[in-house]
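To start, the structure itself, in structure tokens.
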There are 4 protein chains.
Amino acid sequence: MKSEIKTADQPKPSFIEIARRAQIIECAIDAIAELGFAQASLAQIAKRAGISTGVILYYFAGKDELIRAVSDHVYATGEGFVRRKAEQQETARQALLDTFIGATVDFIGAYPNYSHALMNIARSGRREPGERLIDPALNAAREAGLASILRWGKESGEFRPFSTPVMVASIIDSIDAILPQLVRDPNLDLKAYARELVELFDRATRADSPG
Amino acid sequence: MKSEIKTADQPKPSFIEIARRAQIIECAIDAIAELGFAQASLAQIAKRAGISTGVILYYFAGKDELIRAVSDHVYATGEGFVRRKAEQQETARQALLDTFIGATVDFIGAYPNYSHALMNIARSGRREPGERLIDPALNAAREAGLASILRWGKESGEFRPFSTPVMVASIIDSIDAILPQLVRDPNLDLKAYARELVELFDRATRADSPG
Amino acid sequence: MKSEIKTADQPKPSFIEIARRAQIIECAIDAIAELGFAQASLAQIAKRAGISTGVILYYFAGKDELIRAVSDHVYATGEGFVRRKAEQQETARQALLDTFIGATVDFIGAYPNYSHALMNIARSGRREPGERLIDPALNAAREAGLASILRWGKESGEFRPFSTPVMVASIIDSIDAILPQLVRDPNLDLKAYARELVELFDRATRADSPG
Amino acid sequence: MKSEIKTADQPKPSFIEIARRAQIIECAIDAIAELGFAQASLAQIAKRAGISTGVILYYFAGKDELIRAVSDHVYATGEGFVRRKAEQQETARQALLDTFIGATVDFIGAYPNYSHALMNIARSGRREPGERLIDPALNAAREAGLASILRWGKESGEFRPFSTPVMVASIIDSIDAILPQLVRDPNLDLKAYARELVELFDRATRADSPG
DNA sequence: TATGAATGAGTATTCATTCAT
DNA sequence: CATGAATGAATACTCATTCAT
């Protein structure tokens, strides 16, 4: 009844429904972050929420829909976090270094479980080739945002010529490389790490000085 | 009978045993590369090999031993592949750019499933803390090799000062970032990709010109 | 959800849970009594109960917990059965002959499967030394009870001197010897059998008349 | 071909066949005695014999036939052991106490693994009700021998009147009760144990003195 | 004769999912 | 709305047995 394909004629979701979904998503994030995707069974998630597994399946059509909701939520949170800083940047260099790298690392520090859960989901492999767990559009949007910054900088002459897709992948995965290190050492100095990455990609991208 | 603790008095393994083990390892690599570690069940691996799951357990004491054999084989193959080039490097810069980045990308091109499987194993969460799936020394060795190249370059003045762990993680994960792209587009131009990475990390690491 | 570590804050078990657990325990007893411990698989037990094996594991954390529940239940039933008679005995001779032998044989007649299952569990080899299948204290308690009766009789002069452990083992196993005979002939006259055992062990234990 | 139903036209078993069967039976006895019946797989038995499981099934039609051969061998050995002493007994009392009890306990001391294996087999439960693992005739023969001694004594006036089957079962199981104790304490004093049993069953069986 | 290879049925256990209440 | 009950498929693994060599 509830969790079918969303159509416009769906009645407004009740307050309790919104709250329950949010609670379940939050517990799913924690479970996935701490146990890994494979071990994060519905039973585990339900236990953390203090409810029975039936409740989860009442609000989500299945585990896949829950996972999709989790990744939607995490991406939305992350984007909102980064966008706030991104709005008023005036140069591509600032947008790349301060916003994309800086704010993304800040996000990791602020929401380590979110980032970790997302990584665990993304890395957990797909059942049938082609059918992904995470909406590819979400990741694509993140990459597209970074790509547009890079193109902006190349057009403005701030950046040297390079392959945008290669640079996009390198930047994103270099940032994501923080997560396993953060698991090993929760006291990792993220500020310092961000400075290192900024320096690294500043040098990697900037145009050769003309002189 | 077969897969007990290896002792020196073990009779020479028969030809068919060697062949079967190799075949099973190969199919396990494919399964892990394509399905992810968690989904690569013995049944899946057996299906790819066209055998029953019992055969796998006839040649390997258990799934854990199979996984260990897989990672041993993959690491050994990868190291052998890279070492050939690495031997005669004379500068840290060459060692980093030509050998580590260049040869590793070559390896990905030559054995994409090996690389992919390895990444999936390494990234799959571990069960109980302390009991790792793959020998941690294997991965540590790879990182240590890269770290020593970086330190060498810093001492020789070829490289600028930077945080070695950050650079190690960024380089390795930037290379590994190739794999999902290769899945999406099997015709990806790896030569060009390698050149881009070389340029990227050359700029990211080299010392400022004194003038 | 259900069968976790029992803590005081566990909600009252529902009626259906109590009934199911009892039913499963009963079927397990039957299966163990009739097939022997090794052959009494969860599948067999489930078949007798007309349920799927999953149900068993829904109510019991695993086979071990089920077996423990079975032996607890059987020992508790047996002890309750025997204790009623034991309370008011005034001589060691009465305690041995009327209560221990008499009531135990009565118990076998009243609950033949219980006794049989218990014997099968107790006699089934244990996996790893140290980790026993049933609480050794349960069996030890039974033996200790008999041993204390025997010592009481020796001190009071009712019994002749003899090795207590030998007599304990002989009495218990002579009683347990009834069970296979009862399987062969369900109409076995237990009253008469008990009288024979009483006579046997009365003569075997009593002190020589002083005259 | 080999191990079908024995008929008279079977060619004389070769020396090697006899030797192999004996070797396998011996290893099976050890395995069953030490590991218990359920854990004594063909693989375990083969390992002890230093052969492959196929060999066992070449000489025995299946595990059931092997087990039957084992129990045949054990019973034959035991009977031979006891018969030597039994031949020249002149009173029923001597036959019971010296031969049956005394020699049987001696047998346990001399061949603890034989006795233990036999007990493990006998106690291991049957697959389908009715189909036994051990040829019931073997056990029946042992019981019949004891029964005839008891009847002899009753007729000669040495023994009091009692139920022969009850006494048979009590004597046999009281002797078998030694085995688990011997497992727990391999240094158990069997001589002393035999003396206790002799005293016990002497008193339990002897006729009341007429005076 | 004997081995090694392979199978298929059976083991306990986990887990997403359904459904009556 | 929510639970508890139940299922069925999937998991790794064991073992007696068959068969080609």
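Naming: A, B, ... by sequence-line order, numbering from 1 per chain.
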[N] phosphate, OP1 or OP2: any side-chain N/O from [X] under 4.0 angstrom?
| X | N | answer |
| --- | --- | --- |
| A:S52 | F:dA5 | no |
| C:Y59 | F:dA6 | yes |
| C:Y58 | F:dA6 | no |

Separation of [N] [atom2] from [X] [atom1] (nearest whole Å):
| X | N | atom1 | atom2 | value |
| --- | --- | --- | --- | --- |
| B:F60 | E:dA6 | CZ | P | 12 Å |
| B:I45 | F:dT11 | CD1 | P | 11 Å |
| C:I18 | F:dA5 | CD1 | C1' | 15 Å |
| D:F37 | F:dC15 | CZ | C1' | 13 Å |
| D:I56 | E:dT3 | CD1 | C1' | 13 Å |

Find out whether [X] and [Y] are in side-chain contact, i.e. whether some heavy atom of one side chain is under 4.5 Å from a heavy atom of the other.
| X | Y | result |
| --- | --- | --- |
| C:K63 | C:L57 | no |
| B:I32 | B:I45 | no |
| C:E26 | C:N113 | no |
| D:C27 | D:I24 | no |
| D:F60 | D:R68 | no |
| B:Y58 | B:I51 | no |
| A:K47 | A:T53 | no |

Earlier contact from the 5' end, DNA chain F, for C:G50 and B:Q44: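 Its nucleotide being nearer the 5' end, the pick is C:G50.
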Exercise: do A:Y59 and A:E65 side chains pair donor with acceptor under 3.5 Å: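 No - no donor-acceptor pair under 3.5 Å links their side chains.
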Nucleotides 12-21 of chain E: protein proximity per nucleotide (B base, S sugar-phosphate only, - neither; heavy atom, under 4.0 Å): SBBSSBB---
Nucleotide-level pairing of DNA chain E, given in dot-bracket where Watson-Crick and G-U pairs need both distances under 3.5 Å and | marks other strands: .||||||||||||||||||||
Verdict with reasoning, C:E34 to C:R48, per salt bridge (charged side-chain N to carboxylate O under 4.0 Å, His left out): CA-CA 12 Å; C:E34 289 165 31; C:R48 278 156 201 270; 2.9 Å; yes
B:V55 or D:I16, whichever maps to the more 5' nucleotide of DNA chain E: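 Here D:I16 is the residue nearer the 5' end.
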Side chain of A:R20 (C-beta onward), nearest among F:dA6, F:dA2, F:dT3: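 The answer is F:dA2, which lies nearest to the side chain.
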